[in-house]
Amino acid sequence: YGSTRPERILAEVKSKATRGDARSVVDTIDQYCRHQEWAMNVGDEKGTILDSIVCEVKPRAMLELGTYCGYSAVRIASLLPPNSRLITMEFNPVFAAIARQVIAWAGVEDKVVLIEGPSGDWIPKMKKEFGLTSFDLVFLDHWKDCYLPDTKLMEECGLLRTGSILVADNVICPGAPDYLEYVRGSPRYESKYFRSHLEYTRVEDGIEKSVFLG
Ligand SMILES: O=C(NC/C=C/[C@H]1O[C@@H](n2cnc3cncnc32)[C@H](O)[C@@H]1O)c1cc([N+](=O)[O-])cc(O)c1O
Ligand SMILES: [Mg+2]
């Protein structure tokens, strides 16, 4: 029977990455996806941009939309200060099951809460369910046509405060044109584009960092 790509990525992590070492999990996935089989992880090049923003913001409460195999959840969690928490949402149960194992192998499970379900359903429940006031940092990396509706939903649900930062992957490739137009055109955001490349390729892509001004 054929395994899925996420299953092959997990197998690679279990056979090559050092248990409890988040960096080695990140590097193992990057090596595999660069040389064996492409996968839609934010990757090493854009990952460095994401790292610098996480280190700058030092978020106490961070949200990720679109866990996939858990690559960016591990990457982010390895940089979080003590008693900070990454909540990551994934609605595909197969991907969520793989991501849980990747996160556990990396030894960051105490910093990551993986919610299995659609962001549209869960965003309105976040405050109550997690006793949250707002997110300091949000990483958008799920379906590109969900970036804008979910951003508006987070605004409506009061999950963004003055200074909250949105970081969006793939604003060029595959692209999120309606989201880009919104954050760049709205007086409620200060937006900045970090030019890079689509993971593991020479294709142009980039990350958009947008500060919510309230
Ligand atoms: O399509 C891309 N990403 C979509 C990512 C989707 C992931 O987020 C989950 N999801 C979706 N809506 C959700 C709502 N709620 C929860 N999980 C959700 C999906 O189950 C999947 O695990 C992509 C594509 C390329 N590419 O080159 O083609 C490159 C990239 O870096 C990408 O991120
Ligand atoms: Mg992406």
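The basis for the numbers below is simple: all heavy atoms, side chains too, and nothing from hydrogens, waters or symmetry mates. In what follows, residues are counted from 1 in the order of the sequence shown.
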When you measure from the side chain of [X] to the backbone N and O of [Y], does any donor-acceptor pair fall under 3.5 Å?
{"X": "S164", "Y": "F135", "result": "yes"}
{"X": "W105", "Y": "A22", "result": "no"}
{"X": "Y71", "Y": "G43", "result": "yes"}
{"X": "S24", "Y": "T18", "result": "yes"}
{"X": "E7", "Y": "T4", "result": "yes"}
{"X": "K111", "Y": "R85", "result": "no"}
{"X": "S134", "Y": "R161", "result": "no"}

Same apolar cluster (I L V M F W Y, side chains within < 4.5 Å links), [X]/[Y]:
{"X": "F91", "Y": "V113", "answer": "no"}
{"X": "M62", "Y": "I115", "answer": "no"}
{"X": "I98", "Y": "V108", "answer": "yes"}
{"X": "I165", "Y": "F212", "answer": "no"}
{"X": "F194", "Y": "L180", "answer": "no"}

Straight-line distance of [X] [atom1] to [Y] [atom2], nearest 0.5 Å:
{"X": "E64", "Y": "L140", "atom1": "CD", "atom2": "CG", "value": "9.5 Å"}
{"X": "L132", "Y": "C157", "atom1": "CG", "atom2": "SG", "value": "12.0 Å"}
{"X": "R188", "Y": "S210", "atom1": "CZ", "atom2": "OG", "value": "13.0 Å"}
{"X": "L114", "Y": "R100", "atom1": "CG", "atom2": "CZ", "value": "4.5 Å"}
{"X": "N41", "Y": "C69", "atom1": "CG", "atom2": "SG", "value": "6.0 Å"}
{"X": "I9", "Y": "Y32", "atom1": "CD1", "atom2": "OH", "value": "6.5 Å"}

Residue pair [X] / [Y], side-chain donor-acceptor N/O under 3.5 Å:
{"X": "K14", "Y": "Q101", "value": "yes"}
{"X": "T28", "Y": "E12", "value": "no"}
{"X": "R60", "Y": "S84", "value": "no"}
{"X": "S191", "Y": "E208", "value": "yes"}
{"X": "D150", "Y": "S119", "value": "yes"}
{"X": "Y68", "Y": "N92", "value": "no"}

Query raised in the report: Among L65, D169, L63, which residue meets the side-chain contact (heavy atoms from CB on, under 4.5 Å) test with F139?
Result: D169
Report task. Let me know which of D51, V167, L86, I53 forms a side-chain contact (heavy atoms from CB on, under 4.5 Å) with I76. Result -> L86
Query raised in the report: If every non-hydrogen atom of A99 is compared with every non-hydrogen atom of G70, which pair is closest and at what distance?
Result: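 Here A99 and G70 meet closest at CB-N, 3.9 Å.
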Query - Pair V211-L166, side chain to side chain contact (heavy atoms under 4.5 Å, CB included): steps then yes or no - result: CA-CA 6 Å; V211 185; L166 305 183; over 6 Å; no
Over 12 non-hydrogen atoms of neighbours within 6.0 angstrom of [atom1] in [X]:
{"X": "K125", "atom1": "NZ", "answer": "yes"}
{"X": "E190", "atom1": "CD", "answer": "no"}
{"X": "E155", "atom1": "CD", "answer": "yes"}

Give a yes or no on whether a salt bridge exists between [X] and [Y], defined as a side-chain N under 4.0 angstrom from a carboxylate O.
{"X": "D136", "Y": "K58", "value": "no"}
{"X": "R34", "Y": "D44", "value": "yes"}
{"X": "R23", "Y": "D27", "value": "yes"}
{"X": "K144", "Y": "D141", "value": "yes"}

Query raised in the report: Quick one: is the NZ or CZ of R184 closer than 6.0 Å to the six-membered ring centre of Y179, and within 45° of its axis?
Result: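 The answer is no; the distance or angle limit is not met.
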**Report entry** Y182 six-ring face occupied by K152 cation (under 6.0 Å, within 45°)
**Finding:** yes
Query raised in the report: E199 and M40: side chain to side chain contact (heavy atoms under 4.5 Å, CB included), yes or no, with the steps?
Result: CA-CA 7 Å; E199 48 268 26; M40 59 184 179; 4.0 Å; yes
Query raised in the report: How far apart are the C-alpha atoms of H142 and Y147, what are their side-chain angles, what is the distance that settles it, and do they pass the ring-ring contact (aromatic ring centres under 6.0 Å, His included) test?
Result: CA-CA 7 Å; H142 57 336; Y147 284 19; 5.5 Å; yes
Report task. Apply the test side chain to side chain contact (heavy atoms under 4.5 Å, CB included) to residues E56 and K209: give CA-CA distance (whole Å), side-chain angles for both, the deciding distance (0.1 Å), then the verdict. Result -> CA-CA 12 Å; E56 172 204 336; K209 176 190 174 189; 3.1 Å; yes
